[in-house]
Number of protein chains: 2
Amino acid sequence: MTQVICTVDMVLLTLHEERLKVALLKRDREPFKGVAALPGGFVHTNEDHDVRDAAMRVLKEKTGIDAPYLEQLATFSGAARDPRGWSLSIAHYALVSYEVIDRAGHPDVKLVSVDRSLSLPFDHRLILETAVSRLRSKSQYSSLPCYLAGETFTLPQLQKVYEILMGEPLNKVSFRRKITEMDMLEAIDGEFESAGAHRPAQLYRLKPHFKKQLQLLERGL
Amino acid sequence: MTQVICTVDMVLLTLHEERLKVALLKRDREPFKGVAALPGGFVHTNEDHDVRDAAMRVLKEKTGIDAPYLEQLATFSGAARDPRGWSLSIAHYALVSYEVIDRAGHPDVKLVSVDRSLSLPFDHRLILETAVSRLRSKSQYSSLPCYLAGETFTLPQLQKVYEILMGEPLNKVSFRRKITEMDMLEAIDGEFESAGAHRPAQLYRLKPHFKKQLQLLERGL
DNA sequence: ATAATAGTGTCTGTCAGACACTATCGA
DNA sequence: TCGATAGTGTCTGACAGACACTATTAT
């Protein structure tokens, strides 16, 4: 039994210009030095408590970002995926609003639309597709998309987020019924968002209880 | 960076005596020698193509079983979970009918109801609970439970399987409507199951197309 | 015949989506 | 006043579950 190379890879997703985008970073070492790839790194057994810790550390080191939502995706493995040898990557995905990426302002982070056919090193293409598929699937019946909307948002903004993820327009009345049913938002008293020559929209935020806990629907949207 | 111990653990689930049960094996070496635990083993980079291969190999070696359904569950990791050091286990779960376990006839395999509060070594309790939770969740809206029902089964038998997993009685008419909607079963012509002094039930099997591919419902059962 | 379960036709309450309406802003 | 979007009341068609019925076996 030979050594297994243990790494974590991060799929950092956000919404920008009405598109779902992934954060890519030019690799600073071999293999694939200089090629845009998912941020990743080795598991450090001396400093990481577990692989979730490793994923958060790698994300922070490479992009400067602490993500409000981060979840293990799956483990990708095999003899062929890394030229250095038999390797294994515990892939995670994280969701942030565009503002968080913008504020971090890391010069090497590039946002690329996930719908464009991307050529990525290792099996990062498969990892990315798995992450996007997981996100879209969970968006059908959970509060997950809220983490892409930022700290505060209006209901029309949140509906737009869901629509981009689901790839289809949603019924306004039904959408609001479901959001009410989930009972995860609180109106920010007296705060409205004026976005032009029309009635301003009420601002909402996630109830504190749901900051780290997804809310699920019995039946999807 | 010190060495990471890479293992796979298998959660082998089946139905027996109207209960969901997990297969446990007495450990044949330290740590926890002699204690009942999930079947597990090291990843062998020289013979396993990837961790799925490793999981299938471990299951076959320890229980003699080739499972019709096997899926990666999640990776459990950390410095504390294994006394030998910082370790990582890519947990998988597999579904089989009781007949498969019975036919394999492995003397050391014990079936234990998952609802009993079990004391297990390592973090196997957490792994088991995660697997059961995943299975129950997927049972709501997919054909997954079919793999617990065996090669052929009647609709009343399949409904019973779903009911055990969901923990509640299901409406017969609705259940059959959903099964028809999934369009994954084919009647075995002229084959019926006589189970007493009443009308025999039609035998069904999964359509070949769905042998390795789950069928999903738009809305759950 | 009777008991027991398999399998099906039909009715009804519930709920998602369509539509229409009011509310509130800037110009 | 008008155009635009926010937000809400209501109607209707579709569908899940309840009920009732027929079908088919062993005793």
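Just so it is clear: chains get the letters A, B, ... in the order the sequence lines come, proteins before strands, and each one is counted from 1.
Atom-to-atom, CD of B:Q202 to C1' of C:dG7 comes out at 11 Å; the value is rounded to the nearest Å. Atoms CD (A:E218) and P (D:dC15) sit 19 Å apart, rounded to a whole Å. Per the geometry, CG belonging to A:L170 stands 14 Å off C1' belonging to C:dA18, to the nearest Å. Straight-line distance from the CZ atom of B:R199 to the P atom of D:dT25: 8 Å, rounded to whole Å. Rounding to whole angstrom units, CD of residue A:Q140 and C1' of C:dA16 are separated by 15 Å. Taking atom CD of A:E163 as the reference point, atom P of C:dG17 lies 12 Å away to the nearest angstrom. For A:Y204 and D:dA6, the OH to C1' distance is 10 Å, given to the nearest whole Å. Straight-line distance from the CD atom of B:Q159 to the C1' atom of D:dG17: 12 Å, rounded to whole Å.
The residue among B:S194 and B:L221 whose nearest nucleotide of DNA chain D is located toward the 5' end is B:L221.
In this structure, the ring of A:F32 has its center less than 6.0 angstrom from the ring center of A:F122.
Between A:Y162 and A:F175, the ring-plane angle classifies as perpendicular under the 30° and 60° cut-offs.
Considering only side-chain atoms of A:R219, the nucleotide from D:dG17, D:dA6, C:dG7 that sits closest is D:dG17. Proximity note for A:H198 (side chain, C-beta onward) versus D:dA26, D:dA6, C:dG7: the nearest is D:dA6.
For D:dA16, its base never sits under 3.5 Å from the side chain of B:N171 at any donor and acceptor pair. No N or O donor and acceptor, one from the side chain of B:K172 and one from the base of D:dG17, sit under 3.5 Å apart.
A donor atom on one side chain and an acceptor atom on the other are found under 3.5 Å apart for B:S89 and B:D9. For the residue pair B:E193/B:Q157, the side-chain donor-acceptor check at 3.5 Å is satisfied.
For the residue pair B:V96 and B:P68, the shortest heavy atom distance occurs at CG1-CD, 3.5 Å. Nearest heavy atom pair, residue A:L148 against residue A:L13, reads CD2-O, 3.6 Å.
A salt bridge between B:R81 and B:D123 is present, with a side-chain N of the basic residue lying under 4.0 Å from a carboxylate O of the acidic one.
Residues of residues 173-193 of chain A having a heavy atom closer than 4.0 Å to DNA chain D, listed by number: A:V173, A:R176.
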